J.: 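What follows is a single structure, and I will ask about it in a moment.
Note that these values count all heavy atoms, side chains included, but never hydrogens, waters or copies made by symmetry. All figures in this text were calculated on a predicted structure; none of them were measured in a lab.
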Amino acid sequence: MLERVAEIQTQAKAEISAASSSAALEELRVKYLGRKAELPQLLRDVAGLPPQQRGEAGRSANEARQTLEALIEAAAARFEAAEMAAALSEDDVDITLPGSPVEAVGHHHLLSATRREIEDVFCGLGYSVVEGPEVETVQYNFDSLNHDPAHPARARSDTFYIEGGGEGPDQTLLRTHTSPMQIRIMEETPPPIALIVPGRVFRRDSDATHTPQFHQIEGLLVDEGVTLADLKGTLLAFARAIFGADRELRLRPHFFPFTEPSVEVDVSCFMCDQGTAPGGERCSLCKGTGWLEVLGSGMVDPNVFAAVSEHGYDPDTHQGFAFGLGIERIAMLKHGVPDLRFFYENDLRFLRQFG
Ligand code: DAH
């Protein structure tokens, strides 16, 4: 038996060192170490040998098996590394790389793109961007912003109040505008400040130009010596960045509870010449007026500063301006979107036009 073990070992060693692939090695493993192979059979036969032969025969067969196992394993590891390297260099399709040409996986929704475009303009003017809660209290949404208790926006038919959401000034509601952040910001940050607040707002409204939820950007700048001219210059820079370098602004007197004076701001129409479209007919975007209403604005009402006077805002020393614009409105005007509801239907035929 000892000779046979030695023979097997010599033959197997020669074949293992001559093997040229991991598949060939696997065949050798089965041939020499598999269940039906001779060497394991010899090992099993050791039990039937006379006791004085068992020790040596068992040891040598066992050693031969371990030697062959180790040789096969070492050779297999070498082949595996070499075969992997060869496969990688031959295979020029790497499914983890982006396609060529690179296919975009998607793009921002027109409302996100518009919000970011507006944020960029104001960041360029030195403003910071902050966000605030969508569930507000009556105090922040109305009272501190100088809304008369009888203001129509406070009516149950106009505002989503939260059931069981407190009483009086602490009652909670879905904010109807981003303006409550004016108060929250001033409570937290002493003047001077220059911020914009993008966010979702909610009203009980639903038709082609109103949805129960839409998006606004609030702006607030407070310092000393701020005038309406600063407001106009800032909004002109905004209008020109968004609608084109030739735009002009028109301020119309208006009323908002938290600004005094208050204005509505129109931008000169970018589709026509003072109301007349290139073909000579009435411009359909501005309805022939030559102006597009884009936002509400005004100088911060001293009563609003009074609501935050403990936080360093003094109605006698500080002035500021505020503005509020609808992101949907800006996007509709700029891109000619005829119906607000397109923004929320997520029809790819609509969305893909703005990639
Ligand atoms: N909060 C107003 C609204 O939703 C918009 C607005 C108007 C905001 C004038 C302002 C402002 O900051 O000064 O209708």
J.: Are side-chain N/O atoms of Thr209 and Asp207 paired as donor and acceptor at under 3.5 Å?
T.: yes

J.: May I ask whether Met181 and Ile183 are part of the same hydrophobic cluster, defined by side-chain heavy atoms of I, L, V, M, F, W, Y residues being less than 4.5 angstrom apart, directly or through others?
T.: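 The answer is yes; both residues are in one hydrophobic cluster.
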
J.: Give a yes or no on this: more than 12 heavy atoms of other residues, nucleotides or ligands lie within 6.0 Å of atom CD of Glu56.
T.: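 Open: at most 12 neighbouring heavy atoms sit under 6.0 Å from CD of Glu56.
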
J.: What do the steps show when you test Arg250 against Glu264 for salt bridge (charged side-chain N to carboxylate O under 4.0 Å, His left out), and what is the final call?
T.: CA-CA 8 Å; Arg250 179 173 82 170; Glu264 274 193 328; over 6 Å; no

J.: Would Glu38 and Arg4 satisfy salt bridge (charged side-chain N to carboxylate O under 4.0 Å, His left out), going step by step from the backbone distance to the final call?
T.: CA-CA 10 Å; Glu38 195 182 350; Arg4 185 65 197 134; 2.6 Å; yes

J.: Give the minimum heavy-atom separation between Ala75 and Ile16, together with the two atoms involved.
T.: CB-CG2, 4.4 Å

J.: Please report the closest heavy-atom contact between Ser262 and Phe256, naming both atoms and the distance.
T.: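 Closest heavy-atom pair between Ser262 and Phe256: OG-N, 3.1 Å.
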
J.: Looking at Arg203 and Thr176, would you say the former's side chain and the latter's main chain have a donor-acceptor pair under 3.5 Å?
T.: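 Looks like yes, one N/O pair under 3.5 Å.
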
J.: Within the structure provided, determine whether Arg200 and Glu131 are in side-chain contact (heavy-atom separation under 4.5 Å).
T.: no

J.: Can Leu110 be reached from Val121 by stepping across I, L, V, M, F, W or Y side chains whose heavy atoms are under 4.5 Å apart?
T.: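 Yes, same cluster.
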
J.: May I ask you to decide if Glu134's main-chain N or O and Arg175's side chain share a donor-acceptor pair within less than 3.5 Å?
T.: no

J.: Take atom CD in Glu188; do more than 12 heavy atoms of anything else shown fall under 6.0 Å from it?
T.: no

J.: Quick check: is Met332 connected to Met271 through a chain of hydrophobic side chains (ILVMFWY, heavy atoms under 4.5 Å apart)?
T.: yes

J.: Answer yes or no: is there a side-chain heavy-atom contact under 4.5 Å between Gln182 and Phe258?
T.: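 They are in contact (side-chain heavy atoms under 4.5 Å apart), so the answer is yes.
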
J.: Step through the shown structure and confirm whether more than 12 heavy atoms of other residues, nucleotides or ligands are within 6.0 Å of NE2 on His108.
T.: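 Incorrect, the count does not exceed 12.
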
J.: Going only through I, L, V, M, F, W and Y residues with side-chain contacts under 4.5 Å, is there a path from Leu195 to Leu125?
T.: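 Leu195 and Leu125: separate clusters.
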
J.: Considering non-hydrogen atoms only, spot the tightest contact between Val337 and Phe342 and give its length.
T.: CG1-CD1, 4.1 Å

J.: For the residue pair Leu49 and Met1, establish whether any side-chain heavy-atom pair is separated by less than 4.5 Å.
T.: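 They are in side-chain contact.
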
J.: Judged by atom type as modelled, is there a donor-acceptor pair below 3.5 Å linking the side chain of Gln139 to the main-chain atoms of Pro169?
T.: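 Not confirmed, Gln139 side chain does not pair with Pro169 backbone.
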
J.: Would you say that more than 12 heavy atoms from the other residues, nucleotides or ligands in this model lie under 6.0 Å from the CD of Glu73, or not?
T.: no

J.: Is Phe238 reachable from Leu220 through a run of I, L, V, M, F, W or Y residues, each pair having side-chain heavy atoms under 4.5 Å apart?
T.: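 Leu220 and Phe238: separate clusters.
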
J.: Under 3.5 Å, is there a donor-acceptor pair between the side chain of His177 and the main chain of Asn141?
T.: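 Checking the backbone N and O of Asn141 against the side chain of His177, a donor-acceptor pair under 3.5 Å is found.
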
J.: Would Phe122 and Val129 count as a side chain to side chain contact (heavy atoms under 4.5 Å, CB included) here? Give the steps.
T.: CA-CA 9 Å; Phe122 283 101; Val129 181; over 6 Å; no

J.: Keeping the roles fixed (side chain from Ser297, backbone from Ala322), state whether a donor-acceptor pair exists under 3.5 Å.
T.: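 A pair under 3.5 Å: yes.
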
J.: Indicate yes or no: at least one non-hydrogen side-chain atom of Gln9 is less than 4.5 angstrom from one of Tyr32.
T.: no

J.: Between the side chains of Glu224 and Gln319, does any donor sit under 3.5 Å from an acceptor?
T.: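 Note: Glu224 and Gln319 side chains miss the donor-acceptor criterion.
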
J.: Should we count CD of Glu167 as having more than 12 external heavy atoms under 6.0 Å?
T.: no

J.: Is it the case that atom CZ in Arg44 sees more than 12 heavy atoms from other parts of the structure closer than 6.0 Å?
T.: yes

J.: Report yes if the distance between the aromatic ring centroids of Phe214 and Tyr344 is under 6.0 Å, otherwise no.
T.: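 Centroid separation for Phe214 and Tyr344: 6.0 Å or greater.
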
J.: Between Arg115 and Leu111 (side chain of the first, backbone of the second, donor and acceptor by atom type, cut-off under 3.5 Å), is there such a pair?
T.: no

J.: Around atom CZ of Arg116, are there more than 12 heavy atoms of other residues, nucleotides or ligands at under 6.0 Å?
T.: no

J.: Is there a side chain to side chain contact (heavy atoms under 4.5 Å, CB included) between His215 and Val201 once you walk through the steps?
T.: CA-CA 6 Å; His215 300 83; Val201 301; over 6 Å; no

J.: Tell me, do Val222 and Phe321 make a side-chain contact under 4.5 Å, heavy atoms counted?
T.: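 Side chain of Val222 against side chain of Phe321, heavy atoms only: no contact under 4.5 Å found.
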
J.: Taking His318 for its side chain and Asp314 for its backbone only, find out whether a donor-acceptor pair lies under 3.5 Å.
T.: yes

J.: Identify whether the distance between the nearest side-chain nitrogen and carboxylate oxygen of Arg184 and Glu187 falls below 4.0 Å.
T.: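 Here Arg184 does not pair with Glu187 in a salt bridge, since their nearest N and O are not under 4.0 Å apart.
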
J.: Please check if the distance between the ring centroids of Phe160 and Phe202 is under 6.0 Å.
T.: no

J.: From Leu174 CG over to Arg204 CZ, what is the distance, rounded to the nearest 0.5 angstrom?
T.: 9.5 Å

J.: So which atom in Tyr313 and which in Pro315 form the shortest heavy-atom distance, rounded to 0.1 Å?
T.: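 Result for this residue pair: O-CD, 3.8 Å.
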
J.: Is the closest basic N to carboxylate O distance between Lys31 and Glu15 below 4.0 Å?
T.: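 Result for this pair is yes, salt bridge flagged.
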
J.: Would you mind reporting whether Ile118 and Leu325 have side-chain heavy atoms less than 4.5 Å apart?
T.: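 A side-chain contact under 4.5 Å exists here.
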
J.: Applying side-chain hydrogen bond (donor to acceptor under 3.5 Å, both in side chains), run through Thr178 and Glu218 and close with a yes or a no.
T.: CA-CA 6 Å; Thr178 41; Glu218 191 78 14; 2.9 Å; yes

J.: With a 4.0 Å cut-off, would you call Arg329 and Glu293 a salt bridge?
T.: no

J.: If you define the side chain from C-beta out and look only at heavy atoms, does anything of Glu260 sit under 4.5 Å from Met299?
T.: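 A side-chain contact under 4.5 Å is absent here.
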
J.: Tell me if the centroids of the rings in Phe142 and His151 come within less than 6.0 Å of each other.
T.: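 Ring centroids of Phe142 and His151 are no less than 6.0 Å from each other.
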
J.: Would the distance check show the side chain of Thr289 and the main-chain N or O of Trp291 forming a donor-acceptor pair, the cut-off being under 3.5 Å?
T.: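 Yes.
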
J.: In the structure I gave you, are the side-chain heavy atoms of Thr211 and Asp205 within less than 4.5 Å of one another anywhere?
T.: no

J.: Give the minimum heavy-atom separation between Ser60 and Leu2, together with the two atoms involved.
T.: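 Smallest interatomic distance, heavy atoms only, reads OG-CD2, 3.1 Å.
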
J.: Taking NZ, NE, NH1 and NH2 as the nitrogens, is one of them in Arg341 or Asp339 under 4.0 Å from a carboxylate oxygen of the other?
T.: yes

J.: Using modelled atom types only, decide if a donor and an acceptor are shared between the side chain of Thr227 and the backbone of Ala229 within a distance under 3.5 Å.
T.: yes

J.: Do any N or O atoms from the side chain of Glu83 and from the backbone of Ser22 form a donor-acceptor pair under 3.5 angstrom?
T.: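 Pair found, side chain donor or acceptor close to backbone of Ser22.
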
J.: Passes salt bridge (charged side-chain N to carboxylate O under 4.0 Å, His left out), Arg29 versus Glu26? Steps please.
T.: CA-CA 5 Å; Arg29 197 187 60 75; Glu26 178 56 18; 2.9 Å; yes

J.: Would you find more than 12 non-hydrogen atoms of other residues, nucleotides or ligands less than 6.0 Å from Gln52 atom CD?
T.: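 Enclosed.
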
J.: Given Phe354 and His107, is the ring-ring contact (aromatic ring centres under 6.0 Å, His included) satisfied, shown in steps?
T.: CA-CA 8 Å; Phe354 308 102; His107 59 79; 8.2 Å; no

J.: Looking only at heavy atoms, what is the nearest atom pair of His311 and Met186, with distance?
T.: CB-O, 3.4 Å

J.: Verify the distance criterion only: is there a donor paired with an acceptor across the side chains of Asn62 and Arg65 at less than 3.5 Å?
T.: yes

J.: Walk me through whether Asp266 and Arg247 qualify under salt bridge (charged side-chain N to carboxylate O under 4.0 Å, His left out).
T.: CA-CA 10 Å; Asp266 299 339; Arg247 300 283 68 76; over 6 Å; no

